[in-house]
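Take a look at the structure below.
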Amino acid sequence: MARRLPLPTTPEALELVAARFRLLGEPNRLRLLTILEEGEHAVSDLVRRTGLTQANVSRHLQALATGGIVGRRREGTRTYYFIADPTIFELCHLVCGSLRERLAQQTRSLPRPRR
């Protein structure tokens with residue numbers, strides 16, 4: 001079994017944890033992170049790949065950058081985003097694995113169709 005770290009208990013620490021979960025509670029931000037997991041991308045590429053407006057992509061990227069999850073760099077007139085905190089994917093994989101298992105259990109408990 002993996003070693004568990006103690007959970008934060010101060011109100012300030014709990015607020016930081018809650019803020020991180022709020023950042024990840026938006027599906028479009030998760031879409032952006034999934035694309036950025038492949039590597040660095042320009043905003044225009046993220047707009048094209050997600051189908052979101054540039055304003056919407058920029059707003060989500062700003063929130064993720066403020067939260068320390070993504071970083072950015074400028075090259076001429078283009079801004080490129082990258083994953084600044086790769087541990088975020090450990091959390092996402094844990095959640096996805098847990099959801100997969102839960103769905104599998106629910107599927108196993110469904111009655112079999114009659115023939």
Side-chain angles (χ1 to χ4, degrees):
M1 178 178 231
R3 190 183 102 209
R4 293 180 187 228
L5 297 175
L7 293 173
T9 57
T10 66
E12 297 81 10
L14 291 171
E15 181 54 42
L16 288 173
V17 171
R20 177 61 55 108
F21 280 110
R22 280 192 299 272
L23 277 174
L24 298 175
E26 214 299 322
N28 287 322
R29 290 186 190 139
L30 295 175
R31 288 173 63 197
L32 290 166
L33 290 174
T34 300
I35 296 168
L36 291 172
E37 189 175 20
E38 301 168 0
E40 183 179 78
H41 287 277
V43 173
S44 58
D45 186 41
L46 295 169
V47 167
R48 182 183 55 75
R49 297 220 14 217
T50 61
L52 300 171
T53 65
Q54 181 175 349
N56 204 358
V57 168
S58 293
R59 182 174 52 85
H60 290 305
L61 290 170
Q62 178 62 44
L64 292 167
T66 300
I69 296 173
V70 300
R72 64 182 153 231
R73 69 175 182 84
R74 300 224 14 132
E75 188 175 294
T77 59
R78 298 184 83 166
T79 302
Y80 292 86
Y81 283 83
F82 56 90
I83 298 297
D85 181 0
T87 63
I88 203 68
F89 294 111
E90 293 175 37
L91 176 61
C92 290
H93 293 299
L94 281 171
V95 170
C96 289
S98 174
L99 287 174
R100 254 191 307 279
E101 180 57 32
R102 183 173 172 209
L103 289 172
Q105 288 174 355
Q106 289 175 344
T107 301
R108 287 191 296 268
S109 68
L110 290 174
R112 299 275 183 218
R114 289 197 250 166
R115 294 182 188 223

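By the 4.5 Å heavy-atom criterion applied to side chains, Asn56 and His60 are counted as neighbours. Taking the side chain as every heavy atom from C-beta outward, Leu52 and Val47 never approach each other to under 4.5 Å. In this structure, Leu64 and Tyr81 have side chains that are not in contact, with every pair of non-hydrogen atoms separated by 4.5 Å or more. Looking only at side-chain heavy atoms (C-beta outward), Leu36 and Leu61 come within less than 4.5 Å of each other. Side-chain contact between Ile88 and Arg20 is present, with at least one heavy-atom pair separated by less than 4.5 Å.
Dense packing is recorded around CD of Glu40, with more than 12 heavy atoms of other residues, nucleotides or ligands lying under 6.0 Å away. Heavy atoms from other residues, nucleotides or ligands lying under 6.0 Å from CZ of Arg59 number more than 12.
For the atom pair CZ of Arg74 and OH of Tyr80, the computed distance is 10.5 Å after rounding to the nearest 0.5 Å. Between the CD1 atom in Ile69 and the CZ atom in Phe89 there is a gap of 9.5 Å [rounded to 0.5 Å]. Going from atom OG1 of Thr50 over to atom CG of Asn28 covers 7.0 Å, rounded to the nearest 0.5 Å. Here Arg31 contributes atom CZ and Glu26 contributes atom CD; the two are 9.5 Å apart, rounded to the nearest 0.5 Å. If you take CD1 on Ile35 and CZ on Arg48, they are separated by 9.0 Å, rounding to the nearest 0.5 Å. Taken to the nearest 0.5 Å, the OG1 atom of Thr9 stands 7.0 Å off from the CG atom of Leu14.
Residues Thr66 and Gln62 have side chains that bring a donor and an acceptor to within less than 3.5 angstrom of each other.
The side-chain contact (heavy atoms from CB on, under 4.5 Å) test with Val70 is passed by exactly one of Ile83, Leu32, Asp85: Ile83.
Minimum heavy-atom separation, Ala84 to Gly71: CB-N, 3.6 Å.
Under a hydrophobic clustering in which Ile, Leu, Val, Met, Phe, Trp and Tyr are joined whenever their side-chain heavy atoms come within less than 4.5 Å, directly or via other members, Leu23 and Val17 fall into the same cluster.
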